[in-house]
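Down below is the structure, laid out as structure tokens.
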Amino acid sequence: MCRTPRHHGFVHSIVLLSLFLTLVGSWGCTKSVRPERPRATVQGVQFTISAPGAKVVCLVGSFNGWVKHATPMTIVGGTVWSVVVPLKEGEYPFMYVIDEDQWITPPHADDFVTDGFGQTNGIVVVRDTP
Amino acid sequence: MRNRTVTRSIILSMVLTHWISPVQAESLSDQDRAEINRLRAAQGHSSDDITSLIEQVNKAGERGLPVESLANKVKEGLAKGIDPKRIDPVLRQMTARLESAHEVLQEAKGRGLAEGNRQRALETMAEAFARGATADEVRELSRLSQEGRHKATQEELAAGAKSLAVMKEGKISSNDGTALVGEGIKQGYRSSDLLDLGREVKRRGSDFQEGRASLKALREQVRRGERGDRLFKDKDRGESGSGSGRGDRGDRDDRGGRGGRDDSDRERVDRSDRLDRSDRSERGDRSDRIERPEKVERPDRSDRSGRGRDH
């Protein structure tokens with residue numbers, strides 16, 4: 001069972017190709033679900049946040065009465081959580097709640113304002129659709 | 001005959017009531033009350049703990065002030081685990097600002113500004129005050145609005161005031177901001193355009209301070225009647241070629257689609273967030289970092305948190 005140098009070279013090529021494809025694939029996935037400012041989609045406004053290690057992530061804001069579990073988010077890739085919410089035209093303060101008790105100021109929002117209680121809310125601006 | 005007289009009396013009294021008190025009294029809706037009670041119970045507070053909050057909201061409604069934003073603040077506070085005793089002063093401040101907003105809008109009405117959406121005008125103006133606009137600045141905006149051909153509404157005046165307050169958060173001076181917003185109102189910018197203008201100027205606050213952009217030139221663009229959604233398009237093109245590392249964004253139409261944003265627009269936002277948060281140096285670009293800081297994130301930005309705004 002001796003292996004020729006040619007055989008070794010073939011195996012190396014396969015391994016390198018697999019690694020390359022894995023890296024390209026994971027890069028592509030990461031890129032497609034990058035957390036960003038809330039953006040309008042056909043179904044509503046999409047909210048995204050990166051929350052590594054989180055078990056539950058919820059979106060809360062004036063649009064859902066600040067009720068924690070009214071708008072749960074789902075993992076869409078890696079550590080990124082997302083949810084789409086139909087919203088009417090207007091401006092809405094919002095935050096994220098991670099694992100039930102961590103209220104997080106959105107890293108990306110159209111604007112930011114203090115809430116009067118010592119925390120900062122993100123603001124999402126929803127425009128009228130043409 | 002008697003019935004007809006009674007009917008006439010009823011109609012007359014209804015007309016008179018409406019004429020004497022055009023401001024409709026509002027009260028907390030059953031749904032809001034139920035939601036507040038759910039949140040209260042979830043936090044382990046008794047009904048008595050929130051009685052004064054409910055009373056405050058209802059009293060504000062009786063005075064003709066919109067109750068929705070107040071009810072929302074109660075819900076927000078309870079949901080965030082804030083003690084009702086700490087919600088109380090925040091609510092009082094909000095009510096006081098709504099009353100001030102009512103006063104300045106009445107003044108503006110006296111000068112001939114049409115009402116528009118009263119509730120939105122009141123809430124927006126109250127928010128403008130919360131974020132640092134002053135009654136004098138509003139009066140100046142109101143005066144400037146009368147110089148234009150466009151007949152501004154109170155809602156637009158309120159949006160202008162909020163736009164100015166947002167600009168001031170971006171370290172734009174009151175005079176410069178007032179002149180710019182006033183020009184926008186004169187040129188017939190809609191409320192949403194005025195608000196966008198404020199946010200865009202705030203995002204580029206450092207550009208204006210450090211001379212990379214000119215407020216005077218921007219005002220001139222507005223004066224020439226350039227549309228609000230086109231104001232920053234050329235600037236973005238310029239930035240893309242300046243090696244500022246902001247990416248090639250020349251092919252995008254800023255705010256062109258009012259219902260949605262494209263990828264390049266989002267890219268700008270990420271950048272703007274970095275600008276907005278320039279004083280959060282320890283965080284850097286938070287878009288690719290874990291967002292699990294301390295248990296409750298504290299606001300630490302002077303430019304967006306120093307106004308005690310409680311929307």
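Below, chain A is the first sequence line, B the second, and so on; all start at residue 1. Here the structure is a predicted model, which is why all the values come from computation and not from measurement.
In terms of the side-chain contact (heavy atoms from CB on, under 4.5 Å) criterion, B:A96 has no residue partners (sequence neighbours excluded). Legend: residues meeting salt bridge (Lys or Arg N to Asp or Glu O under 4.0 Å) with B:R120, ordered by chain and number and at least two apart, are B:E155.
In this structure a side-chain-to-backbone donor-acceptor pair under 3.5 Å is present from B:K73 to A:D115. Under the 3.5 Å distance criterion, the side-chain polar atoms of B:R199 are left unmatched by any main-chain donor or acceptor of A:D110.
To the nearest 0.5 Å, atom CD1 of residue B:I36 and atom CH2 of residue A:W66 are 14.0 Å apart. Between the CG atom in B:L195 and the CD atom in A:E91 there is a gap of 5.5 Å [rounded to 0.5 Å]. Rounded to the nearest 0.5 Å, atoms NZ (A:K68) and CG (B:L39) are 10.0 Å apart.
Side chains of A:V67 and B:K75 form no contact here, defined as non-hydrogen atoms less than 4.5 Å apart. The shortest side-chain heavy-atom distance between B:E76 and A:V60 does not fall under the 4.5 Å cut-off. Counting only heavy atoms from C-beta outward, the side chains of A:F117 and B:I87 approach each other to under 4.5 Å.
Scanning both residues, B:A79 and A:W103, for their nearest heavy atoms gives O-CZ2, 3.1 Å.
For the pair A:D101 and B:K80, the salt-bridge criterion is not met [side-chain N within less than 4.0 Å of a carboxylate O].
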